[in-house]
Amino acid sequence: MKLNNFLEANAKLSRAIQMKSDNANYYMLRGECCLQLCDFKESILNYNHAIYLSSESANEWEERLAYIHYLYSQILYDEHDYDGALQHINFALHYRANKFSYRCRKIAYLYALKQHKVCLELVEELLKNHEEAELYVLRARLNKLFGYITKCFYDVHKALELDPENYQAANIVEELNKSAEDCRSVAVNQALSGNLVEAINKITVSIDTNPTIAEYTVFRGTLLRQQGQYDEAIDDFMKALTKVTEDSKTYQDALRQLVLTYNDFAVECYSKGYFEEAISLLDQAIKRERNEKGFYMNRGDSFRMIGYLSFALADYQQALELDPHDWVIISRISLVHHQYGIKEYTNKRYADAEKCFTTAITCNAKIAQYYISRAWSRFMQKHLPASRADLLRAMYLDGSIEEGVMLAARLYPNQNIDSILNAKSSQKILNQMKELVAGESSTHDQVVLSSNTLAHEPLADENIAQYNTWMEKYKNNNNDVKVLLESRPSLTQKVPKIISHQKVNQRENTTCGWMKKYFDSKEGKANPVS
């Protein structure tokens, strides 16, 4: 043995075994000779027999036998006999189940046999106690194979954290980055072509491939917003905000898109009649962006529709402070004062109602209903000349308004509308209205309301407390917003959507018959005044 004459030694040991076949050491030595001669099968047989004959040295010899199986498995692997390699590495693990190198070799053999699921399970088990860069690289490859691209991304970065020089991990990172950018380019082209669904699918692949790029998440959120998938869009923008610093351009873009999405969702809720949900969403938008007049206008519209006129007026006033010359805001303020006037009139406080209607007219002098409402309040106070003047103004703007016909019958008994309008005494008022309407058509921006022109004060402390109580109650009810329309026009604007003036007027028109209903009721009937 010392002279490395293993063939001769093997022959002598064989003769010794023939003479004394129960000597375990002879089998062990012959097993070593066979190992040196690369006769792995014979070496394994001899060690097995030696272990069988002697229990005293069994543990030491089992260690050696496991190593022989391990060596033989590598030989078989190199010869592409993957089944044989797996068989012998399992024998080695039978004797030394916790040997790290043996378990790693088994994973390699399973990978070669394409038993990827079992392979992944073994890798994850190993990583619980051994953080090795190569194991993370292997798991990254397996995750990529199974389509778990995000897990693959994090695995290779963990591998590089453990071993910055690991070229395999670096190559995988390069591949992932290129794949993510390619998918982003395809998504942009699909979006420009109007195929938003495919664009979303592609940018989702980019996000899965490289989840650290906030721009990908912002882009997908923008596409989802255009599709009307507001919940998903909000989630994306919130995630993007956590990936970048507050002073970055991407952060500002994500924040802007987030508040616009809250606003768009609120507009959709308003159009479906879910005013409380719209208010809750606009609260989120205003919380993050306090200098956008459109958000206050939309929330004011929603408050007005559920009867919270003080809150609506406060929101409109805030919007007006941001843009004192916005005619749309001023028109909305006039609607609130008109609704205040209706409440006062219904409660028979006609003088207060007249003040409210006057403020509404000051804001917007081209609405016939405002004049009719003020005319009725003056009529109830027996201010007949002023009531007749308002009736003429309303008739000039809209001669078919029903409440006007009802009032004309009381103010001008036995006269028709044409005779009233053609009367000489009416011409001065009608000419004034003609000049007023012609002048306002080009000078809307000159009509500016300051806070002291409002008949109703801004929110007081008790009003704020009332609002907070209402909002807390709403949140506790946990109202779910119902599913909205799935298809909607593409939105590319970077300014908030405003509830259309047409929708506001349509809903306002539902109150235009309030005077007739009032007089038709038993409590509200009034006698003509001569």
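Only a predicted model underlies this, so the values are computations on that prediction, with no experimental measurement involved.
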Subject >> Counterpart residues, side chain to side chain contact (heavy atoms under 4.5 Å, CB included), relative to K151 (two or more places apart) >> reply: N143, Y148
Subject >> Partner of Y262 under side-chain contact (heavy atoms from CB on, under 4.5 Å), chosen from D264, L260, L258 >> reply: L258
**OP:** Please check if the side chain of S334 supplies one atom and the backbone of S331 the other of a donor-acceptor pair under 3.5 Å.
**Re:** yes
**OP:** Using side chain to side chain donor-acceptor pair (under 3.5 Å) as the criterion, list what pairs up with K106, not counting sequence neighbours.
**Re:** N90
**OP:** Give a yes/no verdict on a cation-pi contact between R105 and Y77, requiring under 6.0 Å between NZ or CZ and the six-membered ring centre and an angle within 45° of the axis.
**Re:** yes
Subject >> Which atom of G307 lies closest to which atom of K343, heavy atoms considered >> reply: O-NZ, 3.8 Å
Subject >> Taking every non-hydrogen atom, the tightest pair across F146 and K117 >> reply: CZ-N, 3.5 Å
Subject >> Taking every non-hydrogen atom, the tightest pair across S377 and F357 >> reply: OG-CD1, 3.9 Å
Subject >> side chain to side chain contact (heavy atoms under 4.5 Å, CB included) between E134 and Q168, intermediate numbers included >> reply: CA-CA 9 Å; E134 293 298 332; Q168 292 182 333; 3.3 Å; yes
**OP:** First locate atom CD of Q369, then atom CG of N364, and finally report the distance between them rounded to the nearest 0.5 Å.
**Re:** 12.5 Å
Subject >> Residue pair I279 / F303, side-chain heavy-atom distance below 4.5 Å >> reply: yes
**OP:** Could you pull out all residues at least two apart from D323 that satisfy salt bridge (charged side-chain N to carboxylate O under 4.0 Å, His left out)?
**Re:** K293
**OP:** Kindly check if the number of other-residue, nucleotide or ligand heavy atoms within 6.0 Å of CD (E121) is above 12?
**Re:** yes
**OP:** Calculate, to the nearest 0.5 Å, the distance between atoms CD1 and CG belonging to I286 and L282 respectively.
**Re:** 6.0 Å
Subject >> Aromatic ring pairing H116/Y111, orientation class (parallel under 30°, perpendicular over 60°, tilted between) >> reply: perpendicular
Subject >> Straight-line distance of I367 CD1 to S373 OG, nearest 0.5 Å >> reply: 11.0 Å
Subject >> Side-chain H-bond candidate by donor/acceptor type, Y345 with D352, under 3.5 Å >> reply: no
Subject >> Heavy-atom side-chain contact between I213 and S206 under 4.5 Å >> reply: no
**OP:** I would like to know whether L86 and Y82 meet side chain to side chain contact (heavy atoms under 4.5 Å, CB included); could you show each step before the answer?
**Re:** CA-CA 6 Å; L86 180 61; Y82 304 129; over 6 Å; no
**OP:** Kindly write out the residues that satisfy side chain to side chain contact (heavy atoms under 4.5 Å, CB included) with D163, not counting sequence neighbours, or none if the list is empty.
**Re:** A133, E165, N166
Subject >> Nearest heavy-atom neighbours spanning A233 and R225 >> reply: CB-N, 3.8 Å
Original post:
Between the side chain of Y371 and the main-chain N/O of A365, is any donor-acceptor distance below 3.5 Å?
Top reply: yes
**OP:** Return yes if some donor-acceptor pair links the side-chain N/O of T209 with the main-chain N/O of S179 below 3.5 Å, else return no.
**Re:** no
Original post:
Of all residues at least two apart in sequence or in a different chain, which pass the side chain to side chain contact (heavy atoms under 4.5 Å, CB included) check with E124?
Top reply: L120, R139
**OP:** Could you tell me whether a side-chain N or O of S302 sits under 3.5 Å from a main-chain N or O of N298, the two making a donor and an acceptor?
**Re:** yes
Original post:
Mind checking whether I234 and M238 have side chains closer than 4.5 Å, heavy atoms only?
Top reply: yes
Subject >> Stepwise side chain to side chain contact (heavy atoms under 4.5 Å, CB included) test for T212 and F153 >> reply: CA-CA 10 Å; T212 62; F153 174 87; 3.6 Å; yes
Original post:
Y316 side chain to D301 main-chain N or O, any donor-acceptor pair under 3.5 Å?
Top reply: yes
**OP:** Answer yes or no: is there a donor N or O on one side and an acceptor on the other, between the side chain of E289 and the main chain of N291, under 3.5 Å?
**Re:** yes
Subject >> Between E181 and Y216, a side-chain donor and acceptor under 3.5 Å >> reply: yes
**OP:** Go through L313 and H337 one step at a time and tell me if the side chain to side chain contact (heavy atoms under 4.5 Å, CB included) criterion holds.
**Re:** CA-CA 8 Å; L313 194 58; H337 287 294; 4.0 Å; yes
Original post:
Will you find, in the side chains of Q252 and R256, an N or O donor that is under 3.5 Å from an N or O acceptor?
Top reply: no
Original post:
Got a sec: does the CG of N98 have more than 12 other heavy atoms crowding it under 6.0 Å?
Top reply: no
Subject >> ring pair (Phe, Tyr, Trp, His ring centres under 6.0 Å) assessment of Y102 paired with Y70 >> reply: CA-CA 7 Å; Y102 296 173; Y70 169 71; 5.0 Å; yes
Subject >> E175 with K144: basic N within carboxylate O range, under 4.0 Å >> reply: yes
**OP:** Check whether any side-chain heavy atom of D231 sits under 4.5 Å from a side-chain heavy atom of F265, and report yes or no.
**Re:** yes
Original post:
Is any NZ, NE, NH1 or NH2 atom of the basic residue among K287 and D283 found under 4.0 Å from an Asp or Glu carboxylate oxygen of the other?
Top reply: no
Original post:
More than 12 non-hydrogen atoms from neighbouring residues, nucleotides or ligands closer than 6.0 Å to NZ on K243, yes or no?
Top reply: yes
Original post:
How long is the span from the CZ atom in R220 to the OG1 atom in T222, to the nearest 0.5 Å?
Top reply: 11.5 Å
Subject >> Short side-chain donor-acceptor distance under 3.5 Å, S193 and N195 >> reply: no
Original post:
Looking at L160 and A170, what are the two nearest heavy atoms and their distance?
Top reply: CD2-N, 4.0 Å
Subject >> Polar side-chain atom of H88 near backbone of G84 as donor-acceptor pair, under 3.5 Å >> reply: no
Subject >> With sequence neighbours excluded, residues passing salt bridge (charged side-chain N to carboxylate O under 4.0 Å, His left out) with D182 >> reply: K178
**OP:** Decide side chain to side chain donor-acceptor pair (under 3.5 Å) for S400 and D398; before the verdict, give the C-alpha distance in whole Å, the side-chain angles of both, and the deciding distance to 0.1 Å.
**Re:** CA-CA 6 Å; S400 63; D398 184 0; 2.9 Å; yes
Subject >> N/O donor-acceptor pair under 3.5 Å between R103 side chain and K99 backbone >> reply: no
Original post:
Can S310 and Y340 be counted as having a side-chain donor-acceptor contact under 3.5 angstrom?
Top reply: yes
Subject >> Residue pair I333 / Q317: nearest heavy atoms and the distance that separates them >> reply: CD1-OE1, 4.4 Å
Subject >> Heavy-atom donor-acceptor pair, S248 side chain to V244 backbone, under 3.5 Å >> reply: no
Original post:
So, S73 and Y109: side-chain donor and acceptor under 3.5 Å apart, yes or no?
Top reply: yes
